Every structure is written in C-alpha cells, then in structure tokens.
Amino acid sequence: MAHIAFTSQLQRFTETPEFDTPAATLGEALAAAFERNARLRPYILDEQGHLRQHVVIFIEDRRAQDRIGLTDPLAPADRVYVLQALTGG
C-alpha cells in the first residue's frame with residue numbers, strides 16, 4: 001500500500017496522520033487523510049478542491065502534476081510526501 005506523510009510545518013496547525021492506504025490516486029489518498037482529520041483539508045486544498053498554491057506533493061521523487069484533479073496514480077509501494085512550500089522575501 002502507498003504510504004502518505006505530512007511534513008512538520010503542517011503539524012504546527014493540526015494533527016497530520018501518517019498511514020498506509022490502498023488508494024490508486026493522489027486524490028483518493030488525500031481523501032483518506034481528510035477522513036482521519038477533516039481539519040487538515042483546508043490546509044491542503046482550496047475552496048474548489050484544488051491543491052493550494054503553497055502546497056507541494058511528491059510521489060516518491062517526482063512532483064505531483066495534477067494540482068486540480070489530483071489524478072496522479074499511486075503504485076502500492078509509493079511514498080507520498082505532502083509539504084508546504086516556503087515563501088518569503
């Protein structure tokens with residue numbers, strides 16, 4: 001099963017579950033995370049259900065491509081990392 005993990009930046013705001021999931025797509029994996037903690041959703045997705053501008057997701061060593069539909073496929077052994085991109089000036 002794919003493994004999903006959230007970086008420590010998000011842990012400052014809400015509980016971020018780390019777990020294995022049989023999800024076949026990134027969207028399904030995120031839905032499973034939101035079932036575990038609904039308060040996590042607005043930190044990851046915007047009001048339209050798209051990935052927020054300052055959130056980056058890596059599936060293994062590749063950046064998730066579909067920020068709108070979240071249809072990136074997951075293989076059973078994939079590790080998914082959800083993080084907030086840092087900005088500043």
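Computation of the quantities below employed the complete heavy-atom set of this structure, encompassing side-chain atoms and omitting hydrogens, waters and symmetry-equivalent molecules. These numbers were taken from a predicted model, which means no experiment stands behind them.
- Of all non-hydrogen atoms in Ala75 and Ala2, the two that sit nearest each other are O-CB, 3.8 Å.
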- Item | Check against side-chain contact (heavy atoms from CB on, under 4.5 Å), Met1 and Thr21 | CA-CA 5 Å; Met1 289 196 285; Thr21 176; 5.7 Å; no

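- Residue pairs meeting the salt bridge (charged side-chain N to carboxylate O under 4.0 Å, His left out) criterion with at least one member in residues 42-60, sequence neighbours excluded, are Glu47-Arg52.
- Heavy atoms only, all atoms of each residue included: Pro17 and Ala33 are closest at CG-O, 4.1 Å.
- Thr25 is linked by a side chain to side chain donor-acceptor pair (under 3.5 Å) to nothing, counting only residues two or more places apart in sequence or in another chain.
- With sequence neighbours excluded, no residue satisfies side chain to side chain donor-acceptor pair (under 3.5 Å) with Gln53.
- No donor-acceptor pair under 3.5 Å is formed between the side chain of Asp66 and the backbone N or O of Asp72.
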Would Val56 and Arg63 count as a side-chain contact (heavy atoms from CB on, under 4.5 Å) here? Give the steps.
CA-CA 7 Å; Val56 178; Arg63 191 172 178 168; 3.6 Å; yes

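- Of all non-hydrogen atoms in Pro73 and Arg62, the two that sit nearest each other are O-NH2, 3.6 Å.
- In this structure, the side chain to side chain donor-acceptor pair (under 3.5 Å) partners of Asp20, at least two apart in sequence or on a different chain, are His3.
- The side chain to side chain donor-acceptor pair (under 3.5 Å) test applied to Arg79 returns Tyr81, not counting sequence neighbours.
- The hydrophobic cluster around Val82 extends to Ile4, Phe6, Leu10, Phe13, Phe19, Leu26, Leu30, Phe34, Leu40, Tyr43, Ile44, Leu45, Leu51, Val55, Ile57, Ile59, Leu70, Leu74, Val80, counting ILVMFWY residues whose side-chain heavy atoms fall within less than 4.5 Å of a member.
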